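Below: one structure, written as structure tokens.
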Amino acid sequence: MNEERRKNVMKPFLSLCMIVKNEEKVLQRCLDSVYGIVDEIVIVDTGSTDSTKEIALKYTDKVYHFEWTNSFAAARNFAQQHATGKWILVLDADEYVDRTNLQEMIQVLKQADNGVEAYDVNIYNFMGTYGERVLQHRHTRIYRNLPHLQYDRSIHEQLRKTNGEYVQAEQGILTVYHTGYMSHVVTEKKKHDRNAPLIEREIQAGDSVAFDYFNLGNEHLSKGEIEQALQSFIQAYQHKKDIRLSWVSYCLVQIILCLKYLQRFDDALRVIADAENLYSETADFQFLRGEIYYLQHRYDDAVQQLEYLLENKNKYPYTIKTVEYVEYDPHMLLGHIYKHKGNSQKAIYHFSCALSFNRKSYEALYHILQLLARAHSEEEIVQFIKSKQLANDLFAVSLIARIASNLHLEKVMCSLAAKLGDEVIQRGFEIKVNILQKRYDEALQQILKSSVADLQTYVRSGSLDSYDLLVAAFKTNQLDVVRLLFHLVSEHREKEFLLFMMNEYEETPEPTFYLLLLERTIQLKEYELFEQLLALKGKFPENIHIQIAHLLHRYEFMELAFQLYRSVENMNEWDAESFVNVIEALAVKNEAIEAMQYGLLAISLGHHDFRLYKYVIELMTICGMDEEKKKMVQQAKQSYPDSEWLKEKER
């Protein structure tokens, strides 16, 4: 009896169980976050060929080999067989935890009722290039080490009881941080190639069809296959067995996002209206409604919706997809709206609020510096960066230097380049400064002395890109330099464009690259070169005139844009953006009647962009056309029945 009691006392309380393969880049970070807090570490390796095993053995002697069988559940259960703790914590190598948070969770486990068999954790998934986006979800990662609790399913494995029932988990307080969905990791590991066949196999097995379709939808969405993703998510939702399953609310959000990407905005708003009745305390649907309004160019409606969310966020304590829907994303959209409206002060305020929630936000910082550059000297911007302590680590310095390069702020670049440490990256920024100062010969000499690896580093660090080099080559009439770019671009269509620019490709290339080159000449104020390149527009399809006009309007060359629009005589080739831009150009010249006529023509041609209705209604108000205005408001309401702005105009 005493011996058995002694064994129970010695039994570990919490075992960490992991399955790994070729994780030398991240395994140490994961194990450092738990070492000395968990009582036991069990690592199952499924065939590593790097130093994963050696790293693991520094932390535990319980490292086992498992022959991979295309089943994550089988590997998880093998790890459990070697765990002796009362509770099991499951982590992947590309995850980690906060040590204090883990210790707090252990105290929760020690006080858990005997009837509680498992806990969900919050998982924060860092996305994008720098981890600048954070998506969240819940998953069961802590459970009692009992024989009747096992994993099943070959992928997106689920914890089940051996009698087939799913485990009902409590919500735990542990947060797990996951970096495996960052862009470079997904590319390196080819997760899509691995996951999709396993999910298809699960669907054929027919055991958890709804959940399988949900996971298949996520695979399609991550590959940009929007229509297929939407159909999979709809199938998942239709086959759901219980609305309370954690993935179901996430599935609804994914359906809305697919409809958004497909520009099926009315359908998205209908789903949002239904979803918020089911999940009335989540911020997701409140934000997504505001985002749809923004994408419909219903800026006043969007402002009202987004400001309501920010002012009443206590009413929405939960999020389904990402915590950024609560404050970061609303502030970003409000920043864009006020920037569009020309209210720089409010725009900077909202972009700054967004930056305070996400210090890695390239987008927020880009717009702040761009707006500041309109009214402040570069010296003042440098002082602003110092006073706000924005460049207080190497990552931040690199981020701001990249933004300064894109915005062509040479003094800001120079103030930061020396802090980057890497001589090759510094040289890249020096070349960019030479280009900005129109010292093209010097810049090209530096480029020609650079190795291919150096050129790739310049591009990767954001100091230079292929369009900088193209401009330098054209300005010095050294087109042979363009051949260097073949080492920098990977896309076949872009290589065709480079050959076209050297008169070695006779077919019409992809116009996107031509437009990017034109834009760079505007950014570098090389207007003579712009005119030379503009002569090539006849080599492209007719609608290139419209696209170039859009570009000119965006950079506030309104009169030039207006002339280019007018050169396209067939109005059926105009898109809604063309009419909107022409109306704005005419309004600036106080030609209200002609502007209104363009708006009415656009609507008669079947364009229902909200801005067209808004401009026509406002111009009718200016011209005192009250009866016509009332009719136009009613016509607009047929397309936008929920618009508060239109309802206000109706009163």
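Along the sequence shown, residues are numbered consecutively beginning with 1. These numbers were taken from a predicted model, which means no experiment stands behind them.
- Figure legend: Arg298 and Tyr293 shown as a cation-pi pair, the cationic atom lying under 6.0 angstrom from the six-membered ring centre and within 45 degrees of its axis.
- Taking the charged nitrogens against the carboxylate oxygens, Glu542 and Lys537 have no contact shorter than 4.0 Å, which rules out a salt bridge.
- By the side-chain contact (heavy atoms from CB on, under 4.5 Å) test, Ala373 is found to be paired with Ile381, Leu409, residues two or more places apart in sequence or in another chain being considered.
- By the 4.5 Å heavy-atom criterion applied to side chains, Val26 and Glu95 are not counted as neighbours.
- Glu577 and Arg611 are joined by a salt bridge, as a carboxylate oxygen and a charged side-chain nitrogen come within less than 4.0 angstrom of each other.
- Using a 4.5 Å heavy-atom threshold, the side chains of Leu310 and Leu334 count as touching.
- Tested against Glu526 for a side-chain hydrogen bond (donor to acceptor under 3.5 Å, both in side chains), the candidates Lys438, Gln532, Arg520 yield a single pass: Lys438.
- Ionic pairing of Glu510 and Arg493 is present here: one or more N-O contacts between side-chain nitrogen and carboxylate oxygen are shorter than 4.0 angstrom.
- Counting only heavy atoms from C-beta outward, the side chains of Leu333 and Tyr328 never approach each other to under 4.5 Å.
- For the residue pair Thr521 and Tyr527, no side-chain donor N or O sits within less than 3.5 Å of a side-chain acceptor on the partner.
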If you apply the rule side chain to side chain donor-acceptor pair (under 3.5 Å), what do you find for Tyr338 with His340, and how did you get there? CA-CA 5 Å; Tyr338 283 115; His340 172 79; over 6 Å; no
For residues 558-568, which side-chain N or O atoms pair as donor and acceptor with protein atoms under 3.5 Å away, sequence neighbours left out?
unit_1, atom_1, unit_2, atom_2, d
Glu559, OE1, Lys589, NZ, 3.4
Tyr565, OH, His550, N, 3.4
Tyr565, OH, His550, ND1, 2.5
Tyr565, OH, Asn581, ND2, 2.8
Ser567, OG, Leu564, O, 2.5

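- Of the possible polar contacts, one joining the Ser450 side chain to the Gln446 backbone as a donor-acceptor pair under 3.5 Å is found.
- A heavy-atom distance below 4.5 Å is not found between the side chains of Leu372 and Glu380.
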